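Here the structure is a predicted model, which is why all the values come from computation and not from measurement.
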Amino acid sequence: MPTPADRFTTERILAIQRWTPHLFSFRTTRDPAFRFVPGQFARLGLRKEDGEVVWRAYSMVSAPYDEHLEFYSIVVPDGEFTSRLAQLAEGDEVLVERMNYGFLTTDRFVDGRDLWLLATGTGLAPYISILHDPATWSDYERIVLVHSVRFAAELAYRAELADLAEHPLVGGATHKLRYIPVVTRERVEGALQDRITTLIENGELERAAGFPLDHERSRIMLCGNPQMVDDGRKLLNRLGYKLSRRAAPAHLVVENMW
């Protein structure tokens, strides 16, 4: 069904960052009334030639206090949405629903001292937003960010993660962060190579982090490829980590990227 016009705003693209031929980030203007919690997503719309609007969900990369919105996208070959999105330029229009969505947020957890952020591909997006939230750094003693990609060129946002050390709101706490890149289809110095689930099962992820997963301390997020998310959830369930719900906070929250 069409989305009523009063349910979205019309924003314009401010900048585009192309990471690889099939990965890019883009910034848009932001309506002052749009609010979100780090980790949530928005529904973006693009108009087709016949005037119909195609909608897709995109996690915010930007912080909730930024004056712009930022998103991270893969180009799906012949995709109805991303093939159009990849052709846009600065100044072009993108529709943004006024409502925010999603529960991949740290307020789903109670207690916990170690935050594990496990991502494949563009599943990194919500974690960048979460890491720009000062509350994340005050609530946790240790933070592990795992980003799994196929090739090293796909390790987006590495410079931005390094720049967190100079961030006026969180820079003093970034010694808590352990960034672990995973590259599965080529050998890269300093990166792990197996699937995230394999790295959990064989203990290599814990060794790279320098400390173990722990039911009392660990709070875990999974975001990215649906297969990874499903396999990771099942594995962690077998290891005694339960999905966190509003009425029953626990260890684990998950989000598929498509």
Side-chain angles (χ1 to χ4, degrees), residues 1-17 24-48 50-74 80-82 84-109 115 117 119 122-139 156-157 160 163-164 167-171 221 223 244-247 249 253-258:
M1 293 181 63
T3 301
D6 61 353
R7 289 185 56 187
F8 62 83
T9 61
T10 301
E11 308 302 332
R12 293 196 176 274
I13 293 180
L14 299 173
I16 300 172
Q17 167 75 55
F24 66 100
S25 299
F26 60 101
R27 289 186 176 186
T28 74
T29 55
R30 175 180 176 176
D31 185 274
F34 183 77
R35 297 287 184 269
F36 67 93
V37 176
Q40 288 189 311
F41 63 87
R43 289 207 332 138
L44 307 185
L46 294 177
R47 294 191 187 277
K48 297 168 61 175
D50 61 3
E52 181 185 352
V53 178
V54 182
W55 295 94
R56 293 293 185 273
Y58 276 83
S59 294
M60 270 70 71
V61 175
S62 45
Y65 47 78
D66 284 332
E67 294 182 356
H68 62 269
L69 294 174
E70 183 166 341
F71 306 95
Y72 181 31
S73 180
I74 188 170
E80 185 178 28
F81 189 90
T82 62
R84 287 181 169 81
L85 184 64
Q87 296 174 13
L88 297 184
E90 293 180 18
D92 286 340
E93 292 184 354
V94 177
L95 309 181
V96 180
E97 270 201 14
R98 297 180 186 275
M99 179 73 71
N100 54 50
Y101 300 90
F103 303 103
L104 191 80
T105 55
T106 58
D107 60 8
R108 303 286 284 189
F109 297 131
L115 180 63
L117 308 173
T122 56
L124 176 70
Y127 298 155
I128 301 297
S129 183
I130 288 170
L131 290 173
H132 279 85
D133 183 3
T136 302
W137 301 91
S138 60
D139 289 347
Y157 287 98
E160 288 77 0
D163 288 345
L164 284 174
H167 193 289
L169 297 181
V170 305
M221 293 183 163
C223 186
S244 188
R245 307 185 187 281
R246 288 286 186 195
V253 294
V254 303
E255 186 89 88
N256 290 337
M257 289 307 288
W258 66 83

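- Leu169 is not listed as a side-chain neighbour of Trp137, based on a closest heavy-atom distance of 4.5 Å or more.
- For the pair Gly39 and Ile130, the tightest heavy-atom approach, listed with the atom from each and the gap, is N-CG1, 3.9 Å.
- Glu160 pairs by the side chain to side chain donor-acceptor pair (under 3.5 Å) definition with nothing, not counting sequence neighbours.
- In terms of heavy atoms, Leu88 sits closest to Val94 at CD1-CG2, 4.0 Å.
- Checked against side-chain contact (heavy atoms from CB on, under 4.5 Å), Asp66 has the following partners two or more places apart in sequence or in another chain: Ser62, Ala63, His68.
- In this view, Asp107 and Arg246 satisfy the salt bridge (Lys or Arg N to Asp or Glu O under 4.0 Å) rule, not counting sequence neighbours.
- For Ala135 against Ser138, the heavy-atom pair with the smallest separation is O-OG, 3.1 Å.
- Scored by the side-chain contact (heavy atoms from CB on, under 4.5 Å) test, Ser59 finds Phe41, Ala125, Pro126, Met257 as partners (sequence neighbours excluded).
- A pairwise comparison of heavy atoms in Ser25 and Tyr72 identifies OG-CD1, 3.4 Å as the closest pair.
- Distance OG1/Thr105 to CD/Glu255: 9.5 Å, rounded to 0.5 Å.
- Remark: Glu52 engages Lys48 in a salt bridge (Lys or Arg N to Asp or Glu O under 4.0 Å) (not counting sequence neighbours).
- In this structure, the side chain of Tyr65 engages the main chain of His132 through a donor-acceptor pair within 3.5 Å.
- What you find for Ser73 and Thr122 is that their closest heavy atoms are C-CG2, 4.0 Å.
- The closest side-chain heavy-atom distance from Glu97 to Trp55 is below 4.5 Å.
- Checking side-chain atoms of Gln87 against main-chain N and O of Arg84 turns up no donor-acceptor pair under 3.5 Å.
- Arg56 has its side chain within reach of Glu80: a pair of non-hydrogen atoms, C-beta onward, lies under 4.5 Å apart.
- Partners of Ala42 by side-chain contact (heavy atoms from CB on, under 4.5 Å), not counting sequence neighbours, listed by chain and number: Phe34, Leu44, Met60, Phe71, Val96.
- To the nearest 0.5 Å, atom CZ of residue Arg43 and atom CZ of residue Arg7 are 7.0 Å apart.
- Thr136 has its side chain within reach of Asp133: a pair of non-hydrogen atoms, C-beta onward, lies under 4.5 Å apart.
- Listed by chain and number, the residues in a salt bridge (Lys or Arg N to Asp or Glu O under 4.0 Å) with Glu70 are Arg27 (sequence neighbours excluded).
- Not one N or O on the side chain of His167 forms a donor-acceptor pair closer than 3.5 Å with the backbone of Asp163.
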Exercise. Quick one: do Thr29 and Leu14 satisfy side chain to side chain contact (heavy atoms under 4.5 Å, CB included)? Show the steps, please.
Key: CA-CA 7 Å; Thr29 55; Leu14 299 173; 3.6 Å; yes
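- For the pair Leu131/Leu164, a side-chain contact is recorded, criterion being any heavy-atom separation below 4.5 Å from C-beta on.
- The pair Arg12-Glu90 does not meet the salt-bridge criterion, since no charged nitrogen lies less than 4.0 angstrom from a carboxylate oxygen.
- Side-chain atoms of Thr28 and Glu11 form no donor-acceptor pair, as typed in the model, at a separation below 3.5 Å.
- At a threshold of 4.5 Å between non-hydrogen side-chain atoms, the residues Cys223 and Leu104 count as touching.
- Counting heavy atoms from C-beta outward, Leu46 and Leu85 have side chains that approach closer than 4.5 Å.
- Evaluation of the ring-ring contact (aromatic ring centres under 6.0 Å, His included) rule for Phe109 yields no partner, not counting sequence neighbours.
- Phe103 is linked by a ring-ring contact (aromatic ring centres under 6.0 Å, His included) to nothing, counting only residues two or more places apart in sequence or in another chain.
- Considering only residues two or more places apart in sequence or on other chains, Tyr127 meets the ring-ring contact (aromatic ring centres under 6.0 Å, His included) condition with none of them.
- Residues passing the side-chain contact (heavy atoms from CB on, under 4.5 Å) test with Ile16, sequence neighbours excluded: Ile13, Arg18, Phe24, Phe26.
- Under the rule for a salt bridge (Lys or Arg N to Asp or Glu O under 4.0 Å), Arg47 has no partner lying at least two apart in sequence or in another chain.
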